[in-house]
Every structure is written in C-alpha cells, then in structure tokens.
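To keep things clear, I will list the structure first and then write my remarks on it.
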2 protein chains.
Amino acid sequence: MSGGAADSRSVAEKLFAIADAFVGRESLSLSDIAARARLPLSTAHRLVAEWVAWGGLVRGDDGRYRVGMRLWQLGVRQPTALRLRRIAMPYLEDLLEATGEHVHLAVRDGLGAVYLERLSGPGAVSAISDVGSRLPLHATGVGLVLLAHAPTEVFDEVIAAKPRKYLPNTLVEERELRRRMAEIRSFGISTSVEELTRGAFSIAAAVRDATGEVVAAVSVIAHVERVGEPQFALGVRMAARGISAALGYRPPSD
Amino acid sequence: MSGGAADSRSVAEKLFAIADAFVGRESLSLSDIAARARLPLSTAHRLVAEWVAWGGLVRGDDGRYRVGMRLWQLGVRQPTALRLRRIAMPYLEDLLEATGEHVHLAVRDGLGAVYLERLSGPGAVSAISDVGSRLPLHATGVGLVLLAHAPTEVFDEVIAAKPRKYLPNTLVEERELRRRMAEIRSFGISTSVEELTRGAFSIAAAVRDATGEVVAAVSVIAHVERVGEPQFALGVRMAARGISAALGYRPPSD
DNA sequence: ACTGATTCTTCCACTGGGCGGAAGTGGCGA
DNA sequence: TCGCCACTTCCGCCCAGTGGAAGAATCAGT
C-alpha cells in the first residue's frame, strides 16, 4: 500500500505537529490541520481523533476543530506564566494608564519571546503580538532585552538561525546586534524604532527575580510620532522596577 | 525481552496520560510521572523526552518536570475560556467586592465543571477549587447549575458513573438529583450547603449566551454562618444576568 | 435533479518504530 | 566502601501505526 518513503517523524512528533497547527488560530478544518502538520489526510484524521478522544481538541458543530478545555487546563497552570502574570498585572495596568498604548509582558522560551500579557489602550497601533504569541528575539523590544540578558549560546543560536529583516531598521548583523545588546545592558532600557512594525516604536526593560536573574521584560509599543515623550521610558522603568521588587529583587546598593 | 502482556494503549494515549499527570500539579519527577501514567519507567522516560523536545514540558534545574510555555501558548487561546473570562471579569470583580468570598466562573466539559476563574476575598473559606480545576458536576454549586441545563444524556452518564458522596449533604441519588435539577431550573438559582466542603455554602446561577443556551455558571462560596445574607443570592443573580447580557442574551420579554 | 468538485471517513496489508525488561550509570547517605 | 535509589541507555521482537486508495457525504453550479 505505502508506496513512497514513510514519514520519519515519530507518532509523538506528528501529534505535536498537529497541536502546533493550532497555535494562534481559533479553529481549523481537517485539511487545514493536515496541510499545516504536513501529514496525509488519513493520518491526520486518525491522530486528530486521538486528540479529540482525550479532550485536547474538540470538534465544533461546524465540523472544524478547536483547542479544548483539557489543553486549557494543562496550560493555564504553567508556573512561570501564572506567577509572573499575577504579580505583574497591577504594574502593567498602571503603565497602560500612564501611556494609553500597548503594554507587554514577555518571557524568553528558546529562541522566541512569548507574550504573557498584553494590555491595550483604545487608540493603540495595530500590532502583531497578542497573549500567547511567540515572536523572534531580535525584532521586538522585549526580545532584545531578553536576548541581552540570555546566556551567550542563545545569541549564537539566534545568529546561526539567520535572523530575518522585517523592516529596514531591523537589526540582523551580528556586530550591530552585539553593540545593541551591550547598550541595553548598560542603559538598562531598550528603544527600537520601526524594527518590527511600521509606524511603531518600542521601549522595553528587564524584570529580575529574587536571584537577580532576568526572567521577563516589559515594554510599551506606541505610535512613532510619540517617540521621545518622557512618560514612556519613565513608565517602563518604573513598571520593570516595581515588578522586580514584587518578585523579591533587591538591587545592589553599592 | 517483553515478558508480560504489553500495554494496550496507543502511543497517543500514553502521551496524554503523561500530560494528564500534570493537571493541577506544579512539578513532577520522572518516577511520579511514570506512576501517575501507569507506565514503565523506561517508557515514561522516552515519552517525556519527546514532550520536552517539543517544548510542552520542561526539565527544571532540580531535575523535575514542569509544564512548558508551548503548552501554555496552546491553552491560553482556548476560545471559550478566553472569551468568557474576558467578558465576565468585571462582573466577577463586582461580585467579589459585594461579598468578599470566593467567586467562581465555570463551564461544563464532559462530566466535569471546569473552573475558568476564581477570585477570592481575604478571609474566604479554604476551598479545593482553583483556576483550571475540574470538579464533579453533582457536588458543586456551579456543577449542579450546569448539569440542570445540560442534555439529558449528561445526567444519565453522571448517574451511571456512581456519583461520590463527599459529605452527608452531597446529593447522589437519582431521584434527589432530579428534584434538585427541576428546582434549579424553576428558581434560576442554586443553593447548596456543605455538599463538597465542610463549613461552606454555595450560591450559583446560570449564564446564557446570545442563543439562549447555558454556557457557564457563576457562584459564590462562603462561610456557612453567612447563609441567608441577602447580598449573596442577589449578587450572584446580578452577575449572571450581567454576563449573559454582555454575551448578547436577551431574556424572553413575554 | 444531475454532475462534478471538495472534503471527510474507512479499509487493509506491509513494515519499521515503539516497546519494556534488563543492565548500566551516577549521586547520596551511612 | 557499600548499598540504595532514581534515572538513563540498550536491544531484538512484534504489532501498532502507516498512508494510498476507494468509498461516503456534502456542497455548488446548471
């Protein structure tokens, strides 16, 4: 029956590929899933049925599949996300009030910045990020901050992965990125203008926990005309300090 | 090599069993996982490694495993949870302010009530429920409300599954439960005293969406001495109505 | 109602990936 | 140094998983 070369991925990898197909989308048809996971329809059909039987995926009345409550249950208790979000929320709300633009909280996971929270004012720029998004480290405010404080291997991997130039201002050269990292580490804050989104600039700062390690980053994304207004840098600094303090960080006093 | 009867579960089921082991716990060691998932250590080891390779689980510095950001990403966008939480939050906060006790929002998933949100006042009773918990329908305020408005098959399955009697007041008999369901449907509110937690009572009401279907339930769990104080029933009713209205529900006006 | 396109579901025989007992490794406490 | 426990790796057997193909269901256009 099977003519061509069999798919060398393990069952688990195929199941995960199906799960991955759902990251960032509401609902998918069987063929969508099969296409995204690069699986033959019959295989996708069978594996999706297994997810459904477990409750990780549910089939709607429209025949399309959605992420089910069981996966929600599993994810919602992710310790890092839970703790950081809970602690950071009041500071993020203050920051939103002070700026009226997009406010972000993100952590690094591998080579991506994962957005734990996004609060947005009414007239904020249209941005790609949302809660649960994963964006590249080199092209976002939070990403650059997280990268600047990550182990050097991470930087090497980012370079090795050939970072994509989204806009003319996106940094992709190793030298430029290195300089920028050093800058962020010494200033304690990062300002990017039109590096990922046209018409937007971003100010980001690092959040530290009780051990002094950088565990997250906060940022504001605002309309580029407002660049230079002092409340952004000030607000982001205060939010980052506040959250760090709430996490038990005590800055070296010497 | 393999001597005894092989495990008849499919790879997928084994992977899911591992995932299930994490529901409601922060971190597990490999042997914990193997025990909970009823898998030989070597099998658990291999499958856990697959989860880790994908990013669904992460291994901490302590050697224990935790749910990773990838599973969080997947779950956090679960459409029902996302939408209901976002819309309901302000009403739940009002309800918390009015009562100062535990406030819950839950949906039915299969034979369980899954808690989408829990807000708690400072002196609230110690309760088992938390965000992401799954509790039996017959033994919780929200569960009874959800059961009362569920398809009859669900009720039959609950009965068939021999509901457990947690406390003397827990309803487990088919006749009693049926009567209670009818009561809830006609009064539009449910009051339970010490059915799951000693020293606590619960008042719950149904939330409907634009189609008129019951999609969730809100409840307050409070110290049993406060039973009868009017703000509980009133507050729960108002919250349920408010959320329903925000979801687009228009009560029949005749 | 007929036709054809599209999407989903089921079937089945071949085969290599998964299986798990057993042996190996490493760390810790006595 | 020894024993214990928790984890990791190994390896050969065998059946679960595979995916092409055929069948069923659904839908749109004429």
Side-chain angles (χ1 to χ4, degrees), chain A residues 1-68 70-71 79, chain B residues 1-22 25-68 70-71 79:
Chain A
M1 300 284 131
S2 79
D7 190 331
S8 68
R9 288 177 289 178
S10 67
V11 188
E13 283 174 292
K14 290 172 191 175
L15 281 165
F16 297 149
I18 289 174
D20 266 334
F22 280 89
V23 172
R25 20 218 110 225
E26 261 236 348
S27 73
L28 294 174
S29 72
L30 182 61
S31 356
D32 292 339
I33 299 172
R36 300 191 150 273
R38 312 266 170 130
L39 289 170
L41 252 150
S42 66
T43 304
H45 185 258
R46 183 165 32 83
L47 295 182
V48 166
E50 304 237 38
W51 275 107
V52 170
W54 178 57
L57 294 179
V58 287
R59 177 158 207 185
D61 302 331
D62 54 0
R64 297 170 68 79
Y65 296 90
R66 278 160 241 276
V67 172
R70 201 153 214 136
L71 271 176
Chain B
M1 300 282 136
S2 77
D7 190 330
S8 67
R9 289 177 290 177
S10 67
V11 188
E13 283 174 292
K14 290 172 191 175
L15 281 166
F16 297 149
I18 289 174
D20 266 334
F22 280 90
R25 21 217 106 226
E26 260 234 350
S27 73
L28 294 173
S29 72
L30 182 60
S31 356
D32 292 339
I33 299 172
R36 301 191 150 272
R38 313 264 169 134
L39 289 170
L41 224 76
S42 66
T43 304
H45 185 256
R46 185 166 30 82
L47 296 182
V48 166
E50 303 237 40
W51 275 106
V52 171
W54 178 58
L57 294 179
V58 286
R59 177 156 207 190
D61 302 332
D62 53 1
R64 297 170 67 80
Y65 296 90
R66 278 160 242 276
V67 172
R70 203 155 212 134
L71 271 176

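Chain naming here is simple, since letters A, B, ... match the order of the sequence lines and numbering starts at 1 in each.
Separating the CZ atom of A:R9 from the C1' atom of D:dG19 is a distance of 13 Å, rounded to the nearest angstrom. The interatomic distance linking B:E13 (CD) with D:dG17 (C1') rounds to 13 Å, in whole Å.
Looking at heavy atoms from C-beta onward, B:L71 lies out of side-chain contact with B:F22 at the 4.5 angstrom threshold. At least one side-chain heavy atom of B:R64 sits less than 4.5 Å from a side-chain heavy atom of B:D32. Between A:V48 and A:R59, every side-chain heavy-atom pair lies at or beyond the 4.5 Å cut-off. Side-chain contact between B:L47 and B:I33: absent, with no pair of heavy atoms (C-beta onward) separated by less than 4.5 Å.
Ring geometry, A:F16 versus B:W54: the interplanar angle falls under 30°, so the pair is classed parallel (tilted spans 30 to 60°).
Annotation: proximity of residues 28-46 of chain A to DNA chain C (heavy atom, distance under 4.0 Å) is found for A:S29, A:L30, A:S31, A:S42, A:H45, numbered in ascending order. In the region residues 49-59 of chain A, proximity to DNA chain C at under 4.0 angstrom, judged on heavy atoms, holds for A:R59.
For A:K14, no side-chain nitrogen or oxygen approaches OP1 or OP2 of D:dG17 to under 4.0 Å.
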Can B:D20 and B:R36 be said to form a salt bridge (Lys or Arg N to Asp or Glu O under 4.0 Å), step by step?
-> CA-CA 8 Å; B:D20 266 334; B:R36 301 191 150 272; over 6 Å; no

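Along DNA chain C, the nucleotide nearest A:G63 and the nucleotide nearest A:S10 are compared for position; the residue whose nucleotide lies closer to the 5' end is A:G63.
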